[in-house]
Amino acid sequence: MKTFSAKHHEVKRDWLLVDANDKVVGRLASQIALRLRGKHKPEYTPHVDTGDFIVVVNAAKLRMTGSKEENKMYYRHSGYPGGVYETSFRKMQDRFPGRALQLAVKGMLPKGPLGYAMIKKLKIYASGEHPHTAQQPKSLEI
């Protein structure tokens, strides 16, 4: 018996729709990362992108547990000395709804070309509407 290895052209990808209304960011991100990676499929192969496309709606209504809405900080750097910027979760959600979820999912995926291809399959929208109705995404309850 030989070990099965999925080929890139043989992978069947589904479109899944996730409603993020009143969901906790980290718990939702871990389930999304699992499906983007393809670990829920029996033909999962670590070096091949076997995951599905994920469409997240209502990303503006995400929440954090405890006092993390004000205390959780996101950092970025301009590249210049002293150029560190910090933003709380609440400010980031007000300004860029869904970016906190995208950063959380991106941190759970592999680094390198494979991970970059996986994160491109994640589509996040702040409201309940999305332009992917032609793909007929199946509703996924998380």
Side-chain angles (χ1 to χ4, degrees), residues 1-80 83-142:
M1 182 165 201
K2 292 189 174 184
T3 303
F4 175 78
S5 182
K7 313 298 186 289
H8 185 279
H9 59 278
E10 295 174 351
V11 177
K12 183 187 177 302
R13 293 190 173 91
D14 295 326
W15 282 77
L16 303 171
L17 179 68
V18 176
D19 187 9
N21 190 9
D22 204 37
K23 296 281 195 303
V24 178
V25 175
R27 293 173 187 175
L28 181 64
S30 64
Q31 292 298 314
I32 290 173
L34 177 101
R35 299 205 179 258
L36 282 175
R37 190 122 195 244
K39 285 190 152 191
H40 64 290
K41 295 182 177 181
E43 61 266 9
Y44 167 72
T45 307
H47 63 279
V48 178
D49 185 6
T50 57
D52 297 331
F53 287 88
I54 307 283
V55 179
V56 180
V57 293
N58 293 323
K61 298 175 184 173
L62 284 168
R63 66 181 181 89
M64 287 269 195
T65 57
S67 61
K68 285 182 274 202
E69 285 201 8
E70 298 301 325
N71 296 340
K72 168 93 175 128
M73 292 295 176
Y74 293 93
Y75 298 95
R76 57 192 172 88
H77 198 279
S78 67
Y80 291 97
V84 177
Y85 295 95
E86 68 176 17
T87 309
S88 70
F89 172 76
R90 179 53 39 213
K91 284 183 184 176
M92 186 177 282
Q93 273 295 91
D94 292 341
R95 201 155 168 221
F96 306 106
R99 187 171 289 182
L101 178 65
Q102 183 180 9
L103 289 172
V105 172
K106 186 177 180 182
M108 296 177 188
L109 293 176
K111 308 325 179 240
L114 185 63
Y116 304 149
M118 289 176 185
I119 197 69
K120 287 179 186 174
K121 295 184 300 179
L122 176 63
K123 316 293 182 188
I124 301 176
Y125 299 99
S127 66
E129 299 175 7
H130 62 88
H132 303 286
T133 52
Q135 283 76 23
Q136 299 173 345
K138 299 172 194 156
S139 182
L140 177 66
E141 198 59 42
I142 294 179

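In this chain, numbering begins with 1 at the start of the sequence shown. As a basis for the values below, the full set of heavy atoms in this structure was taken, side chains included, without hydrogen atoms, waters or symmetry mates.
- In this structure, the side chain to side chain contact (heavy atoms under 4.5 Å, CB included) partners of Glu10, at least two apart in sequence or on a different chain, are Lys7.
- Atom CZ of Phe4 has more than 12 heavy atoms from other residues, nucleotides or ligands within 6.0 Å.
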Got a list of side-chain donor-acceptor pairs under 3.5 Å for residues 54-62, not counting sequence neighbours?
from  : atom 1 : to     : atom 2 : distance (Å)
Asn58 : OD1    : Gly128 : N      : 3.3
Asn58 : ND2    : Asp19  : OD1    : 2.6

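- Every residue was checked against the side-chain hydrogen bond (donor to acceptor under 3.5 Å, both in side chains) condition with Ser78, not counting sequence neighbours, and none meets it.
- Scored by the side-chain hydrogen bond (donor to acceptor under 3.5 Å, both in side chains) test, Lys39 finds no partners at all (sequence neighbours excluded).
- Scored by the side-chain hydrogen bond (donor to acceptor under 3.5 Å, both in side chains) test, Asp14 finds Lys12 as partners (sequence neighbours excluded).
- Taking both residues in full, the closest heavy atoms of Ala6 and Thr50 are given as CB-CG2, 4.1 Å, listed atom of the first, atom of the second, then distance.
- Under the salt bridge (charged side-chain N to carboxylate O under 4.0 Å, His left out) criterion, the residue pairs touching residues 45-58 are Arg13-Asp49, Lys41-Asp52, Asp49-Lys121, with sequence neighbours excluded.
- Here Glu69 pairs with Arg90 under the salt bridge (Lys or Arg N to Asp or Glu O under 4.0 Å) rule; sequence neighbours left out.
- In this structure, Ile124 CD1 and Phe96 CZ are separated by 13.5 Å, a value rounded to the nearest 0.5 Å.
- A ring pair (Phe, Tyr, Trp, His ring centres under 6.0 Å) check over residues 34-65, counting only residues at least two apart or in different chains, returns the pairs Trp15-Phe53.
- Pairs of residues two or more places apart, or lying in two chains, never qualify as side-chain hydrogen bond (donor to acceptor under 3.5 Å, both in side chains) while including a residue from residues 92-117.
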Where do His130 and Lys123 land on the side-chain contact (heavy atoms from CB on, under 4.5 Å) test, with the steps shown first? CA-CA 9 Å; His130 62 88; Lys123 316 293 182 188; over 6 Å; no
Carefully, step by step, assess Ile32 and Leu101 under the rule side-chain contact (heavy atoms from CB on, under 4.5 Å). CA-CA 10 Å; Ile32 290 173; Leu101 178 65; 4.2 Å; yes
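- Contact of the Arg63 side chain with the Val24 side chain is registered, since non-hydrogen atoms from C-beta on lie closer than 4.5 Å.
- Qualifying side-chain hydrogen bond (donor to acceptor under 3.5 Å, both in side chains) partners for Ser67, counting only residues two or more places apart in sequence or in other chains: Asn71.
- Under the ring pair (Phe, Tyr, Trp, His ring centres under 6.0 Å) criterion, Tyr125 pairs with His132, not counting sequence neighbours.
- Applying the 6.0 Å contact sphere to NE2 of His77 captures more than 12 heavy atoms from other residues, nucleotides or ligands.
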